[in-house]
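One structure is given below, encoded as structure tokens.
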Amino acid sequence: MVLKIQAIQGFKDILPGEAVCWQHIEQVARDVFHRFGFSEIRLPMMEETELFARSIGQATDIVEKEMYTFADKGITLRPEATASLLRAFIEHSLHLLQPVQKLYTIGPMFRHERPQKGRLRQFHQLDAEIIGADEPEVDAELIAMADMILAELGIRTNLEINSLGCPVCRPAFRQQLVAYLRRYTNELCPDCRRRTGSNPLRVLDCKNRNCRKLVADSPSILDFLCPDCGRHFEAVGRSLERLEVDFTVNRFMVRGLDYYTRTTFEFIAADLGAQSAVGAGGRYDGLIEQLGGPPLSGIGFALGMERLVLLMQQQETARFSPPVRLDVFVAALGREAAGHSQALVHRLRRQGLKAAMDHGGRSLKAQLKQAGRFDARYALIIGDNELERKSAVLRNMTDQQQTPFPLNLDAAEESRRLALLIQPTD
RNA sequence: GUGGGAGUAGCUCAGCUGGUGGCAGCACCUGGUUGUGGCCCAGGAGGUCGUGGGUUCAAGUCCCAUCUCUCACCCCA
């Protein structure tokens, strides 16, 4: 070996065994999205750097130090999906097509963070957004959709919701909170001392025990909500109850991105280590206008696919069906039989069957072993003997029953007969 | 960016206080069955013990450096 090349830090291969889990998750998610009337939108993975700076927030860690930016070209690998989606929404004036747009997108995001459990530098999200509606019932419906995806994957989580208020009421709260924190500056952890100045809301969800204790008696954002925000938050709760979605209100929950307003929520999972949020989102009224679009409000969420996979592997309730089995494995013995088999396998595939064979000229024993590895339902054994006698052996791999299969037909008829005999399940 | 833990076969790992790399398990290949998978039995293949330096008669084992992985802080899906 000249030089050992491996995947770069924080980037991971998803091997076949795990990929079936990913396929399952995507399939379930798409199905639920479609049930809720969402349409897929596919977006580029790079945008002008400016887009993220303006949406996520200039002062956030993401923009400040975690973005993969090609400085000379002024472009950046997207660290999240919402900004790109809104850019596309605005660019193509999608609001003119219908007043309320429900969109979802699935794909990789990039952040230059230190990898740990449930956190990678390239990670994947299921992202959904509702644009053009600000009714609290819409918030509830979107949250209920995420809840349904998790439920159908068999993943157990706790849903926490909060309201971050709006530009009318948040400044007053922020001011009061800072005033409160200033009184305890000496007792706060160093990080929180820093946060008090830069992002005081972040102190509310500090993990430090002492900070938690101090913050327990801090002013509550919920007491500061303006009448509109207060009514909105109450209604979201009532609506979630109608939809039978369990939740708890957590006034200490804050979100990292600057654009969030009003409703925010997180789906928390045990078994995920420190990165316990498997999904999260919130409302972002005002953001679209801020990006140069029409004055429309919006709300969205993202589910972390790596975290979903982790939970699927760890929670016994989360299961998915194994990969589909091969319908038939053709075991050929001898050159002539191999040629005949290859043509047959090809015709079977044209008919929609999952068929395979081995081209190594290996022993029957080895070939049947391989059929077993494919979890083939049937094996068709064709040797030069069989060609001569015009009769192959069809072996049911489950019950080991073997029946003769006539080879004295024309090619098309032969594959049709076989297809009929083994009755593929899908 | 800051800490802790770990790197021995494709995978999971033994290897005690330095003394020849493991009949180890799984997986793989071959044979037991002149052409019949899974179970069993026998055999085989597979390693510069992450890398570089040092101590020593002798290093997988001790020391230093470095790389990688991992968990946590931070941040967040």
Side-chain angles (χ1 to χ4, degrees), chain A residues 1 3-12 15 17 56 60-66 79-82 106-128 146 150 157 189-192 194-195 199 202 205-208 253-257 260 265-269 272-282 300-311 329 331-334 337 358 360 362-386 392-398 400-402:
Chain A
M1 207 183 309
L3 179 68
K4 195 166 74 173
I5 297 180
Q6 38 185 354
I8 58 184
Q9 187 178 36
F11 290 66
K12 269 180 74 173
L15 301 178
I56 296 167
T60 58
D61 278 23
I62 293 178
V63 171
E64 245 173 32
K65 47 194 184 198
E66 294 175 0
E80 59 117 28
T82 304
I106 301 174
M109 310 295 156
F110 305 85
R111 288 181 204 171
H112 191 97
E113 299 179 272
R114 195 69 168 258
Q116 70 181 79
K117 185 172 183 178
R119 188 172 79 185
L120 293 167
R121 289 182 172 176
Q122 177 182 331
F123 58 102
H124 300 76
Q125 290 186 335
L126 302 162
D127 187 274
L150 293 167
T157 59
C189 72
D191 280 323
C192 282
R194 173 175 55 77
R195 289 179 182 123
N199 193 351
R202 272 277 159 213
D205 72 347
C206 180
K207 287 173 184 169
N208 183 291
M253 187 188 78
V254 284
R255 310 264 54 245
L257 285 45
Y260 285 114
F265 54 95
E266 268 182 21
F267 290 89
I268 310 289
L272 263 189
Q275 310 300 318
S276 58
V278 65
F301 70 76
L303 290 165
M305 292 194 69
E306 281 79 2
R307 295 180 186 180
L308 292 172
V309 172
L310 275 174
L311 291 169
F329 185 94
L333 298 156
D358 177 79
R362 307 200 297 154
S363 71
L364 180 59
K365 181 188 171 107
Q367 293 195 55
L368 284 177
K369 194 169 178 177
Q370 207 177 339
R373 267 196 290 262
F374 276 117
D375 198 20
R377 295 165 55 233
Y378 289 89
L380 185 69
I381 301 165
I382 305 177
D384 289 342
N385 297 348
E386 279 78 5
V393 175
L394 182 63
R395 177 182 176 83
N396 183 322
M397 294 295 279
T398 314
Q400 307 181 46
Q401 293 298 307
Q402 300 196 155

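Given the structure is predicted, the values throughout are model-derived calculations rather than measurements. Letters go in sequence order (proteins before strands), and every chain restarts at 1. Below, all heavy atoms of this structure are taken into account, side chains as well, without hydrogens, waters or symmetry copies.
One P atom belongs to A72(B), the other to G31(B), and the distance between them is 49 Å to the nearest Å. For the P atom pair drawn from G50(B) and G44(B), the interatomic distance equals 26 Å after rounding to whole Å. When the C1' atom is used for both C26(B) and C71(B), the distance is 27 Å, rounded to whole Å. Using C1' as the reference atom, G60(B) and A14(B) are 12 Å apart when rounded to the nearest Å. Nucleotides U48(B) and G10(B), compared at atom P, are 8 Å apart to the nearest Å. Between the P atoms of C11(B) and U70(B), the separation comes to 14 Å (whole Å). Using atom P as the reference point in both G15(B) and A9(B), the two lie 15 Å apart (nearest Å). Distance check on atom C1': C74(B) versus U55(B) gives 40 Å, rounded to whole Å.
In this structure, CG of L364(A) is placed 12 Å from C1' of U34(B), rounded to the nearest angstrom. When rounded to the nearest whole Å, the span between CD of E64(A) and P of G1(B) equals 16 Å. As a whole-Å value, the separation of F11(A) CZ from U70(B) P is 13 Å. One interatomic measurement links the two molecules: CG of L368(A) to P of U33(B), which rounds to 17 Å at whole-angstrom precision. Atom NZ of K365(A) and atom P of A42(B) are 14 Å apart (whole Å). Distance CG (L380(A)) to P (G37(B)): 17 Å, rounded to an integer number of Å. If you take OH of Y378(A) and P of G37(B), they are 19 Å apart, rounded to a whole angstrom. Distance Q370(A) CD to U30(B) C1': 15 Å, rounded to the nearest Å.
Checking side-chain atoms of R111(A) against main-chain N and O of P79(A) turns up a donor-acceptor pair under 3.5 Å. Remark: side-chain polar atoms of N396(A) are not paired, donor with acceptor, to backbone N or O of Q402(A) under 3.5 angstrom. With R119(A) contributing its side chain and R114(A) its backbone, the two residues share a donor-acceptor pair below 3.5 Å.
Contacts of I381(A) with the nucleic acid, taken as non-hydrogen atoms under 4.0 Å apart, include base atoms. The residue E386(A) sits close to a base: some heavy atom pair falls under 4.0 Å.
The partner of G25(B) is C11(B), judged by Watson-Crick or G-U wobble contacts that both fall below 3.5 Å. Summarising the base pairing, U30(B) is matched to A42(B) through a Watson-Crick or G-U wobble pair whose two defining distances lie under 3.5 Å. Across all strands shown, U2(B) forms a Watson-Crick or G-U wobble pair, both distances under 3.5 Å, with A72(B).
OP1 or OP2 of C69(B) lies within a sub-4.0 Å distance of a side-chain N or O belonging to Q9(A). Considering only side-chain N and O atoms, K369(A) lies under 4.0 angstrom from the phosphate OP1 or OP2 of C29(B).
In this structure the side chain of L303(A) reaches within 4.5 angstrom of the side chain of L150(A), judged on heavy atoms. Side-chain atoms of I268(A) and T157(A), non-hydrogen and from C-beta on, never get closer than 4.5 Å to each other. A heavy-atom distance below 4.5 Å is found between the side chains of D358(A) and F329(A).
In this structure, K12(A) and L120(A) approach most closely via the heavy-atom pair CD-CD2, 3.9 Å.
Applying the side chain to side chain donor-acceptor pair (under 3.5 Å) rule to Q367(A) yields no partners; only residues at least two apart in sequence or on another chain are considered.
In this structure, the separation between CG on D61(A) and CG on N199(A) is 9.0 Å, given to the nearest 0.5 Å.
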Practice prompt. Using a 4.0 Å cut-off on protein heavy atoms (strictly under), produce a 5'-to-3' string for nucleotides 72-77 of chain B with B for base contact, S for backbone-only sugar-phosphate contact, and - for none.
Written response: BBBBBB

Tabulate atom names and distances for all N/O pairs under 3.5 angstrom spanning the protein and nucleotides 7-11 of chain B.
none

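A donor-acceptor contact under 3.5 Å is formed by the side chain of Q402(A) with the base of U36(B). For R373(A) against G37(B), no side-chain N or O and base N or O form a donor-acceptor pair under 3.5 Å.
Under the 6.0 Å distance and 45° angle rule, R121(A) does not count as a cation-pi partner of F11(A).
Evaluated for a side chain to side chain donor-acceptor pair (under 3.5 Å) with E306(A), the options H124(A), Q125(A), Q275(A), Q122(A) yield exactly one hit, H124(A).
Ranked by how close their nearest RNA chain B nucleotide is to the 5' end, I382(A) and H112(A) are led by H112(A). Heavy-atom distances to RNA chain B give each of A7(A) and M397(A) a nearest nucleotide, and the one nearer the 5′ end belongs to M397(A).
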